[in-house]
Amino acid sequence: PSSSMATLPDSLSAKFKGSFAYKTVKDRMPSILVKVIDVMARSYGKFKEDFGEEGLEDAKAVVGLLSGLRNEMQTDKPVLPLTDGRADVSLWNRYLEEVRTAQGSDPSWFTSAWLYVECYMYRRIQHALEASTVLKSYDPFRAQKEAGFLNSQSPILSLASYLQRATHDPSSLSQQDIRKLFNQLVQVNLWGNKCDLSISGGTENYQKQDPLEQLARLRHFILVDQTDQIWNRLNQPKPAKRVDLVVDNAGFELFSDLVLAELLLTAKLADVIHFHLKVMPWFVSDASRHDFMWTLDILRASNHAAMSHYGTLWHQRVKDGTWVLQEHPFWTCPHDYSRMEAVVPDLYADLATSHLVVFKGDLNYRKLTGDLKWPHTVPFRQALRGFLPSAVCTLRTLKADLVVGLEEGQAERTEREAEEGADLVVGLEEGQAERTEREAEEGADWMVTGNWAVIQYCDQL
């Protein structure tokens, strides 16, 4: 109802100078665009080789369009309607009209909601590719996503071996064994989300250490941990129990999703798993169907027994339908999830048949909560604003200055600790400590470093 809408907090936005949103629109987003332009310009020879003169002309034209986009962004030009032939054009253009009406002016990069303009940038990258003849399905982030996976081989191997050892005789596992495994794999999955390329402006961010060894040390950094409620939900008996994973990043994180999904099936906590993937290149490292299948192919071809075992098994799961891959254009739209039921009732109705929907990562969290400037103590359920197709949970490391569901005083304690202890944060990659320190001068920085995390759950009404 409109009366309660009036009481909602402001959207996070670059109009708030000095905010993380402002820094993102001013610096991080343009630098991601520059990297895309650079990748394409460096590949001119390859495009010519693969597609002839036409490929080269296409690539040059796309680079021109993206340079124009960067200029629009940096000079705070209005958001433009989309004109390519993709299925989501009317969703986007209707959204633009709604925002224009609500804002009373043309939406633009530095005046509108950060969530909207950041999504719009990635959609405009695709818009530029759609204008080409042979590059419509080109993914400028693919090489980076693949490198991220290939550079995480040792933790991937260690996790695959661990799962295989722990579950080689499923019938002998006690409830207690399964629960311990579940808790471990949920945490590995949670921290796998640190490997996000869009937050580092597209620079390498790989998982290099043994993920299981770090868990005890990282426990302290989980601000809210409702794993027990998720466990209880999964243990409710139900015929043909479906669990949905709304996937975030490719690379190590996707592998940790697959491992968790495998445990759910092996331990009979679920009968079928639905993976929701992105239908276009998105936020640098987000996983597409291509990334998903490429991951299974690489695993299957591995000369490590545990990895090839799972590569083969998981190909079979996709074939036999115990794993279902879904791509809905709504996941690459700007709408937050409270709008899903009204805008794409088909997707909402589909999720309503799931027993539990697991939302991975920061962007999903922002869309669940509307990317609003909520007080940190607002309950998670309230921040969902009615989005509850089924029981939902979120596994997220914090990379945006937004978090809900904390106790009174918890945010202040965490901020104090983060300021005192850049040295407290262990297991950082080269250069990350320096970055963390630089950012620590910004005060509320603890919410954006990926060092803190939440595991939050909301039951169906």
Side-chain angles (χ1 to χ4, degrees), residues 156 158-192 211-212 215 225-248 253-277 292 295-296 299-300 305-326 350-360 388-395 455-460:
I156 284 169
S158 113
L159 194 53
S161 310
Y162 179 73
L163 180 66
Q164 194 177 22
R165 278 198 312 277
T167 59
H168 74 100
D169 180 11
S171 59
S172 70
L173 289 172
S174 69
Q175 247 336 57
Q176 208 177 345
D177 294 333
I178 294 171
R179 182 158 195 179
K180 182 184 165 209
L181 261 175
F182 176 75
N183 287 348
Q184 284 177 324
L185 294 186
V186 163
Q187 286 171 48
V188 166
N189 192 289
L190 172 71
W191 293 114
L212 290 151
L215 294 184
D225 184 355
Q226 299 185 318
T227 309
D228 289 352
Q229 285 165 257
I230 300 171
W231 170 260
N232 293 340
R233 174 71 179 176
L234 286 169
N235 269 284
Q236 292 169 5
K238 194 179 190 182
K241 195 191 295 179
R242 164 176 162 181
V243 170
D244 286 60
L245 281 174
V246 183
V247 173
D248 187 23
E253 186 183 349
L254 176 61
F255 181 74
S256 71
D257 292 337
L258 305 180
V259 162
L260 184 60
E262 182 55 41
L263 177 72
L264 295 180
L265 292 178
T266 303
K268 304 220 178 339
L269 293 166
D271 299 300
V272 56
I273 311 284
H274 286 238
F275 295 90
H276 297 270
L277 300 157
F292 191 103
T295 302
L296 301 195
L299 289 169
R300 186 167 61 182
M307 283 163 68
S308 66
H309 164 76
Y310 285 118
T312 304
L313 175 63
W314 292 342
H315 267 288
Q316 188 49 44
R317 292 210 179 284
V318 173
K319 251 200 211 74
D320 70 22
T322 46
W323 280 8
V324 180
L325 308 189
Q326 292 183 235
D350 181 47
L351 294 179
T353 66
S354 179
H355 186 62
L356 174 71
V357 186
V358 183
F359 287 91
K360 295 294 313 290
L388 261 187
S390 174
V392 304
C393 71
T394 173
L395 306 179
I455 299 173
Q456 287 170 310
Y457 172 81
C458 190
D459 226 331
Q460 260 178 302

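In this text, all values refer to a predicted model and were calculated from it rather than measured experimentally. Along the sequence shown, the residues carry numbers beginning at 1.
- Between T227 and F182 the shortest side-chain heavy-atom distance falls below 4.5 Å.
- The CD1 atom of I455 sits 9.5 Å away from the OG1 atom of T394 when rounded to the nearest 0.5 Å.
- Using a 4.5 Å heavy-atom cutoff, the side chains of K360 and L395 are in contact.
- Distance check: Q187 CD to N183 CG gives 6.5 Å after rounding to the nearest 0.5 Å.
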I'd like to know whether L269 forms a side-chain contact (heavy atoms from CB on, under 4.5 Å) with I178, so could you lay out the CA-CA distance, the side-chain angles of the two residues, the decisive distance to 0.1 Å, and finally the verdict. CA-CA 10 Å; L269 293 166; I178 294 171; 4.2 Å; yes
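- Remark: S308 pairs with no residue by the side chain to side chain contact (heavy atoms under 4.5 Å, CB included) rule, at least two apart or across chains.
- With sequence neighbours excluded, the residues forming a side-chain hydrogen bond (donor to acceptor under 3.5 Å, both in side chains) with N235 are Q175, listed by chain and number.
- One finds the CZ atom of R179 at 11.0 Å from the CG atom of L234 (value rounded to the nearest 0.5 Å).
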In sequence, state the C-alpha distance, the side-chain angles, and the governing distance for I230 and V186, and then conclude on side-chain contact (heavy atoms from CB on, under 4.5 Å). CA-CA 10 Å; I230 300 171; V186 163; 5.6 Å; no
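- For H309, the side chain to side chain contact (heavy atoms under 4.5 Å, CB included) test picks out Q164, L313, with sequence neighbours left out.
- By the 4.5 Å heavy-atom criterion applied to side chains, N189 and D257 are counted as neighbours.
- Under a 3.5 Å cut-off, the side chain of S174 and the backbone N or O of D177 do form a donor-acceptor pair.
- Considering only residues two or more places apart in sequence or on other chains, F292 meets the ring-ring contact (aromatic ring centres under 6.0 Å, His included) condition with F275.
- Checking side-chain atoms of K241 against main-chain N and O of L356 turns up no donor-acceptor pair under 3.5 Å.
- For the pair W323/E262, a side-chain contact is recorded, criterion being any heavy-atom separation below 4.5 Å from C-beta on.
- Residues A166 and L173 come closest through the heavy atom pair O-CD2, 3.5 Å.
- For Q326, the side-chain hydrogen bond (donor to acceptor under 3.5 Å, both in side chains) criterion is met by H274, D350, not counting sequence neighbours.
- The side-chain hydrogen bond (donor to acceptor under 3.5 Å, both in side chains) check on Q456 picks up Y365, with sequence neighbours excluded.
- Listed for the R233 side chain is no donor-acceptor partner under 3.5 Å among the backbone atoms of D459.
- A distance of 7.5 Å separates CG of L351 from OG1 of T353, quoted to the nearest 0.5 Å.
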Does the pair F255 and V188 meet the rule for a side-chain contact (heavy atoms from CB on, under 4.5 Å), with working shown? CA-CA 10 Å; F255 181 74; V188 166; over 6 Å; no
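- V324 approaches G321 most closely through the heavy-atom pair CG2-O, 3.6 Å.
- In this structure, CG in L264 is found 9.0 Å from CG in L185, a value given to the nearest 0.5 Å.
- When all heavy atoms of D271 and T322 are compared, the closest pair comes out as O-CG2, 3.9 Å.
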Audit row: L299, M307, side-chain contact (heavy atoms from CB on, under 4.5 Å) steps and yes/no: CA-CA 5 Å; L299 289 169; M307 283 163 68; 4.1 Å; yes
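- In this structure a side-chain-to-backbone donor-acceptor pair under 3.5 Å is present from S354 to R242.
- When atom types are taken as modelled, the side chain of Q229 and the backbone of Y457 share no donor-acceptor pair closer than 3.5 angstrom.
- Between H276 and V357, every side-chain heavy-atom pair lies at or beyond the 4.5 Å cut-off.
- Between L258 atom CG and L263 atom CG the span is 13.0 Å, to the nearest 0.5 Å.
- Of the possible donor and acceptor atoms, none in the side chain of S256 sits under 3.5 Å from a partner among the backbone N and O of G192.
- Between K180 and Q176 there is no side-chain heavy-atom pair separated by less than 4.5 Å.
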